[in-house]
Amino acid sequence: MTAKAQQAHGLAAQVLPLADGWAPTEDLYWLGDDQIGLVAARRGAEGPDRGFLRITPDGAQEVALSLMDESHCRRPDGSFLFRGQDGVTAWPSGAVATQDELSACLGAFSAANDRFEPRFGRQEALARAGDLWAGVAGRGADGAELLLYTETETLGRWPVALPLWQDTVIVDPLPDAAGFLIYPSFRAARRAELRDSTPGIPVWRLQPGTDPQLVTVPWAAWNDEGLYRFVQTDAGLMAALVTGYRAAGTDSGLYHQAAGWAQIRRSDILPETLTLSPDGCRAAWLERDIDQTQGLPRLAIGDVCAF
């Protein structure tokens, strides 16, 4: 299989077609700096087939595990639990696991919120990177509090004036698992409400030993509406945004802080799938042909260390 190289709006991207009738779902992971894991589905003789595919940037592809369904969970050590054809399986070890283990993995963040509630109150969102945890707790009219902690130690608590509890909040581990990115996912109506009173979308970077680093993504025509996601590259923040319903708007695509928040690739992207390799140099995402919004998504990767 060959990768189709494309150059669009400043980002060289490779579209990696899947072989043998496979189509990606929305579950996409980096397994290292040069390997991607993807849950995929295809039409089989007796109904839909599902599998966990392992793909390299040169387009090489293999089915690492046949799946019973799309239910799965990634554990803190980077391994996975899948419901395979022969029951719940740990991957890549191949060890037999149980449905109780899979259920506990899927419910781990809810259980952690319960466990940490006596220390911080209820958190609106939280995430884990190794032994580190980060979260956001609402503080009523006073705004919210950013939290960085371990199971036994509180590393930092920082108040913010914005009532983040009014919106969906994203807490994502950084690619190297050394910290977190935290930002609100504002609805379009909320953005319109905040434009006159705030300079833009706040994105905080939390790491041990330092205060949060705030980057404000300025309000602009491109982020007026639509769904968005931010990731932290070595050269700054990158954003994925999609607008439109039956046809992707012209603002849909990828944007980069180092490019002055210019659009670096126009794409009917699925923002929630944008993910970075552990070294922060490669991005992977799912997108559709810009003129075929109702079509099946395809896998694409790009080198973001060039900025």
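Quick caveat: nothing in here was measured; it's all calculated off a predicted structure.
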Heavy-atom check, side chain of [X] versus side chain of [Y], under 4.5 Å:
| X | Y | answer |
| --- | --- | --- |
| Gln61 | Arg54 | no |
| Val169 | Ile182 | yes |
| Tyr29 | Thr275 | no |
| Leu270 | Glu26 | yes |
| Phe80 | Cys73 | no |
| Val136 | Val171 | yes |
| Phe230 | Met238 | no |
| Leu148 | Trp133 | no |

Between the side chains of [Y] and [X], is the shortest nitrogen-to-carboxylate-oxygen separation below 4.0 Å, so that they form an ion pair?
| X | Y | answer |
| --- | --- | --- |
| Asp224 | Arg195 | yes |
| Arg187 | Glu225 | no |
| Arg122 | Asp114 | yes |

To the nearest 0.5 angstrom, please state how far the [atom1] atom of [X] sits from the [atom2] atom of [Y].
| X | Y | atom1 | atom2 | value |
| --- | --- | --- | --- | --- |
| Thr198 | Arg191 | OG1 | CZ | 11.5 Å |
| Arg74 | Cys105 | CZ | SG | 11.0 Å |
| Glu70 | Thr25 | CD | OG1 | 5.0 Å |

Checking [X] now: which residues fulfil side-chain hydrogen bond (donor to acceptor under 3.5 Å, both in side chains) with it, not counting sequence neighbours?
| X | answer |
| --- | --- |
| Asp77 | Ser79 |
| Glu153 | none |
| Glu193 | Arg190 |

Non-neighbouring partners of Arg139 that pass salt bridge (Lys or Arg N to Asp or Glu O under 4.0 Å), sequence neighbours left out:
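Once residues adjacent in sequence are excluded, the partners of Arg139 under the salt bridge (Lys or Arg N to Asp or Glu O under 4.0 Å) criterion are Glu145.
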For Asp172, check salt bridge (Lys or Arg N to Asp or Glu O under 4.0 Å) against everything at least two apart and list the hits.
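With sequence neighbours excluded, Asp172 shows a salt bridge (Lys or Arg N to Asp or Glu O under 4.0 Å) to Arg229, given in chain and number order.
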Check against salt bridge (Lys or Arg N to Asp or Glu O under 4.0 Å), Arg282 and Asp34
CA-CA 9 Å; Arg282 280 180 167 147; Asp34 57 0; over 6 Å; no
Is the Tyr183 ring parallel, tilted or perpendicular to the Tyr228 ring (thresholds 30°, 60°)?
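It falls in the tilted class, 30° to 60°.
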Give the ring-plane orientation class for Phe82 versus Phe52, where under 30° counts as parallel, over 60° as perpendicular and anything between as tilted.
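Tilted, since the angle between the ring planes falls between 30° and 60°.
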CA sep, side-chain torsions, deciding dist, call: Ser71, Leu106, side chain to side chain contact (heavy atoms under 4.5 Å, CB included):
CA-CA 9 Å; Ser71 178; Leu106 291 170; 3.9 Å; yes
For Val96, which fellow cluster members are found when Ile, Leu, Val, Met, Phe, Trp and Tyr are connected by side-chain heavy-atom distances below 4.5 angstrom, either directly or through intermediates?
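Its cluster mates, by chain and number: none.
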Do the two ring centres, one from Phe120 and one from Tyr149, sit under 6.0 Å apart?
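For Phe120 and Tyr149, the ring centres are under 6.0 Å apart.
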Using only heavy-atom distances, determine whether the side chains of Arg50 and Ser66 contain a donor-acceptor pair under 3.5 Å.
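Checked: Arg50/Ser66 side chains show no N/O donor-acceptor pair below 3.5 Å.
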